[in-house]
Amino acid sequence: MSRIDLLLGQMTLTEKLGQLTMTAEGAAVTGPVSAAADLSEEIRRGAVGSMLNLYGAEHVRQRQRLAAEQSRLRIPLLVGLDILHGHRTLFPMPLAEACLFDPHAWELTAREAAREAARDGVAMTFAPMLDVSRDPRWGRGVEGPGEDPLVAMRFARAKVRGFQGTDQGTEQGTDQGTDLSGADTIGAVAKHLCGYGAVTAGREYASVDISERTLLEVHLPAFAAAVQAGVVAIMPAFIDLAGVPMTANASLLRGRLRGRLGFEGTIISDYNSIGELVQHGVAADLSEAAALALQAGVDIDMMAGAYLHGLPAALQRGAVGMELIDAAVRRVLRLKERLGLFEDPYRHCRSPEEPAALAHRRRLARQVASRAIVMLTNRADTLPLSPATRRLAVLGPLADASGEMRGPWWSAAGEQDCVTVLAGLRTALPGAQLLHVRGVPIEGTDDAGLAAALEVCGGADAILLCLGEAALMSGEAASRARLDLPGEQRRFAEAVLGRARALGKRVIVVLFAGRPLVVPWLAEQADALLAAWFLGSEAGNAVADVLIGRTSPSGRTAVTWARDAGQVPIYYAQRRGGRPADANDHYSSRYIDVPVQPLFPFGHGLGYARFTLSELQVSPAAVRPGDDIEARVTVVNEGARTAQETVFLFTHDRLASVARPTLELQDWARIELRAGERGTVVLRVAAEQLRFLGADLEPVFEAGELEILVGPCADRTRLLAASVRLIGS
Ligand code: NOJ
């Protein structure tokens with residue numbers, strides 16, 4: 001008999017429901033489970049199977065001992081934590097990392113995050129967050145890979161592999177046979193299934209009402225990729241999809257995820273989201289809510305206490321059967337088994353690492369952070385800073401703000417653990433005098449520092465303005481209706497820009513934010529504008545590396561930048577429509593007051609070199625499903641220094657049974673070239689990838705002409721074009 005059968009045979013109902021219950025200590029909870037401040041007794045009696053928001057080797061060891069040594073069946077606890085972009089060492093926030101367009105780097109940072117977390121008692125991270133986001137009002141875009149489904153799919157695979165150690169997947173889907181008990185691995189939880197990024201009007205937790213096609217084509221593929229990569233768990237989103245809360249969405253969880261995608265792992269609810277089924281208005285009480293969630297396929301109840309307290313009554317009235325509970329318990333025990341917890345419940349509680357390992361991680365953090373920076377503008381080669389810079393004004397509320405550099409999730413990283421821009425510049429420019437004035441706070445009306453900031457401009461060779469959002473102005477529960485700089489920052493920046501203009505000095509702006517802020521005025525007036533998102537532990541060093549030219553910026557924006565909040569949702573993969581935008585045609589798809597074009601297209605990003613692309617060759621001329629398309633393009637570095645270029649391949653199916661977007665990303669590649677060097681970038685598209693959902697929402701491969709568009713970003717005017725013929729099967 002297997003361990004799981006043996007255990008299941010001995011478990012009381014409370015012990016079973018305990019395995020399905022995840023709670024936290026000392027948290028404000030709505031459910032009754034952790035109403036008790038100290039959970040020791042609950043754990044000992046088997047009423048708690050998993051915990052969240054717990055870390056620290058000794059702390060976890062203490063909790064684990066109660067379960068693994070003092071509970072009747074000695075089933076170890078599962079400890080989960082949100083490790084979005086690092087644990088003690090923070091890498092850039094996921095949206096910033098997405099701008100690297102580098103799956104290898106995405107995997108490496110997850111690997112290192114897992115290493116740190118795994119020593120600190122953590123067995124599972126609630127990551128990767130895979131929500132495609134096309135609306136910058138929504139705060140959570142910063143936690144995910146941006147607007148594009150292909151980027152999200154590659155991000156999903158890389159992150160799952162990084163956290164879980166290796167590629168655990170098989171062709172069929174999750175491989176429940178492989179184990180994850182390697183010393184430095186943790187389980188990954190792909191979240192939030194599905195469509196959360198499309199909340200109505202960008203308002204957090206609001207209802208989502210999108211077509212099934214968009215759900216399947218845009219929001220679901222990343223989850224399918226995570227399943228294929230062997231992700232051990234999935235978290236449904238808080239939201240309802242056209243009235244069906246995801247936590248109770250049997251057709252998506254049981255039907256689509258388990259049925260069609262073959263997911264055999266564990267489904268973990270979001271925080272109290274089973275309890276919130278009552279608030280949604282689909283369950284009368286906690287017991288009904290629990291029954292709905294269990295029927296839909298949710299195995300673990302995070303923080304609602306609904307399973308522990310609601311399922312006994314549901315069982316009694318016949319709303320659920322014991323077989324559903326048993327199946328969920330099996331999946332939870334199987335997860336614990338795969339994570340190696342039965343063999344060694346303390347395997348995640350180890351001594352701190354050697355300083356050498358930490359130093360290696362900091363180096364990686366710095367490298368990735370500098371590559372995540374997107375140089376949006378750079379007039380007259382304002383950047384890199386001249387080596388002759390002797391006096392630099394470093395102004396603005398984000399110049400010396402360590403805590404903010406962490407972004408909206410920081411796991412175990414402390415407020416003072418991140419290098420600020422000011423500190424980074426002090427190290428990078430030891431001979432220069434840095435004239436630092438905060439000027440104004442991030443939010444609020446206090447402008448007492450404005451005069452002092454203007455004052456120092458006079459004596460400076462150049463002016464650096466560090467502006468943007470506070471860390472918690474993005475992330476969960478941080479939707480914004482206004483997408484400009486908060487507080488008095490715009491007034492402050494305009495005053496500094498005006499003074500600089502009068503003095504004939506250049507102004508470089510570094511923008512920290514969890515979203516593409518809508519700042520056309522700034523893009524227009526600043527001499528150089530860098531998007532630095534939230535870069536984590538090494539933020540200041542990374543910014544300094546780019547400013548002084550130690551690194552040529554190579555980040556490319558993974559989201560389209562709006563020029564006006566009225567343009568959102570905005571993304572490159574739009575359909576043409578029957579009356580495509582035409583500046584000369586009044587009756588075309590556009591605004592009468594704002595251009596339709598974004599401020600910066602998806603993929604935009606400058607560097608210190610200049611590249612030209614030419615000689616696009618695509619072969620073969622005709623393909624069938626099963627064939628591969630290969631595109632080759634010549635890239636020449638016409639600049640004066642080594643730099644990296646990213647080349648994107650889009651397709652456009654001009655004539656299909658269902659209208660296709662005018663651009664769809666199919667592949668990308670990066671190339672590094674020395675000054676004057678010429679190279680060839682090869683991009684590949686499997687013809688299979690060109691299947692799309694027909695009118696019946698089933699995949700079809702349609703014969704016809706397909707445009708292949710290759711270039712540096714999603715601006716059609718900058719793409720080289722060729723075509724291939726698709727031959728139907
Ligand atoms: C709520 C968030 O939506 C989710 O992403 C997170 O994993 C949980 N809280 C746990 O912190």
Side-chain angles (χ1 to χ4, degrees), residues 21-31 33-34 48 50-55 78-87 93-95 110 113 117 122-133 138-145 152 155-156 159-160 163 186-199 203-206 208 219 222-223 226 231-241 245-247 266-277 279-280 293 298-306 406-413 471-472 474-479 514:
T21 298
M22 175 179 272
T23 187
E25 245 156 338
V29 277
T30 40
V33 182
S34 41
V48 171
S50 315
M51 292 186 73
L52 80 155
N53 293 350
L54 181 67
Y55 66 85
L78 171 66
V79 172
L81 186 68
D82 291 273
I83 296 154
L84 266 284
H85 60 132
H87 180 53
M93 280 299 291
L95 179 60
V122 179
M124 190 169 71
T125 169
F126 306 119
M129 192 279 216
L130 302 175
D131 295 305
V132 166
S133 158
W138 191 51
R140 302 200 75 170
V142 69
E143 301 175 48
F155 193 82
K159 289 295 176 195
V160 171
F163 288 130
I186 57 176
V189 182
K191 68 187 188 184
H192 309 85
L193 191 89
C194 185
Y196 190 6
V199 280
R203 186 164 36 85
E204 180 65 311
Y205 310 130
V208 171
H219 297 276
F223 290 91
V231 73
V232 296
I234 288 186
M235 183 188 289
F238 280 130
I239 45 97
D240 71 273
L241 263 178
M246 271 310 307
T247 307
T266 310
I267 299 180
I268 304 181
S269 86
D270 203 343
Y271 203 106
N272 192 40
S273 72
I274 301 184
E276 286 162 21
L277 293 176
Q279 193 65 28
H280 271 288
V298 177
D299 301 312
I300 294 183
D301 166 2
M302 181 195 283
M303 294 308 284
R406 299 178 298 178
W409 288 102
W410 48 76
S411 203
L472 289 175
S474 63
E476 188 181 346
S479 288

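Numbers here simply count residues along the sequence, with the first being 1. Both counts, for ligands and for their atoms, begin at 1 and track the order of listing.
The shortest N or O to N or O distance between K191 and ligand 1 is below 3.5 Å. Close N/O approach between D270 and ligand 1 is found [any backbone or side-chain N/O within under 3.5 Å]. Inclusion of W409 in the set of residues having an N or O under 3.5 Å from an N or O of ligand 1 is not warranted.
Every heavy atom of M129 sits 4.0 Å or more from the atoms of ligand 1. Ligand 1 lies nowhere less than 4.0 angstrom from a heavy atom belonging to E143. Using a 4.0 angstrom heavy-atom cutoff, M303 does not count as in contact with ligand 1.
Taken to the nearest 0.5 Å, the CD atom of E476 stands 5.0 Å off from the CZ atom of F238.
Between the side chain of H85 and the main chain of R406, a donor-acceptor pair closer than 3.5 Å is present. Panel note: side chain D299, backbone I267; a donor-acceptor pair is recorded below 3.5 Å. With hydrogens and angles disregarded, a donor-acceptor distance shorter than 3.5 Å links the side chain of D301 to the backbone of A304. Listed for the T266 side chain is no donor-acceptor partner under 3.5 Å among the backbone atoms of A233. Not one N or O on the side chain of T21 forms a donor-acceptor pair closer than 3.5 Å with the backbone of V48. D131 contributes no side-chain N or O that, together with a main-chain N or O of G197, makes up a donor-acceptor pair within less than 3.5 Å.
Contacts of R140 with ligand 1, taken as heavy-atom pairs under 4.0 Å, involve the side chain alone.
Taking all atoms of both residues into account, the shortest heavy-atom contact from I186 to V122 is CG2-O, 3.3 Å.
Atoms of ligand 1 found under 4.0 Å from any heavy atom of L52, numbered from 1 in the order shown, are 10 (C). The distance from ligand 1 to the heavy atoms of M235 drops below 4.0 Å at these ligand atoms: 7 (O). Within ligand 1, counting atoms from 1 as listed, the ones closer than 4.0 Å to a heavy atom of F238 are 1 (C), 3 (O). Shown in contact with F126 at under 4.0 Å from a heavy atom are these atoms of ligand 1, numbered in order with element: 7 (O). Atoms of ligand 1 lying under 4.0 Å from any heavy atom of H192, numbered from 1 in the order shown and given with element: 3 (O), 4 (C), 5 (O).
Not counting sequence neighbours, the partners of H192 by the ring-ring contact (aromatic ring centres under 6.0 Å, His included) test are Y196.
The protein atom (non-hydrogen) at minimum distance from atom 6 (C) of ligand 1 is D82 OD1, 3.2 Å.
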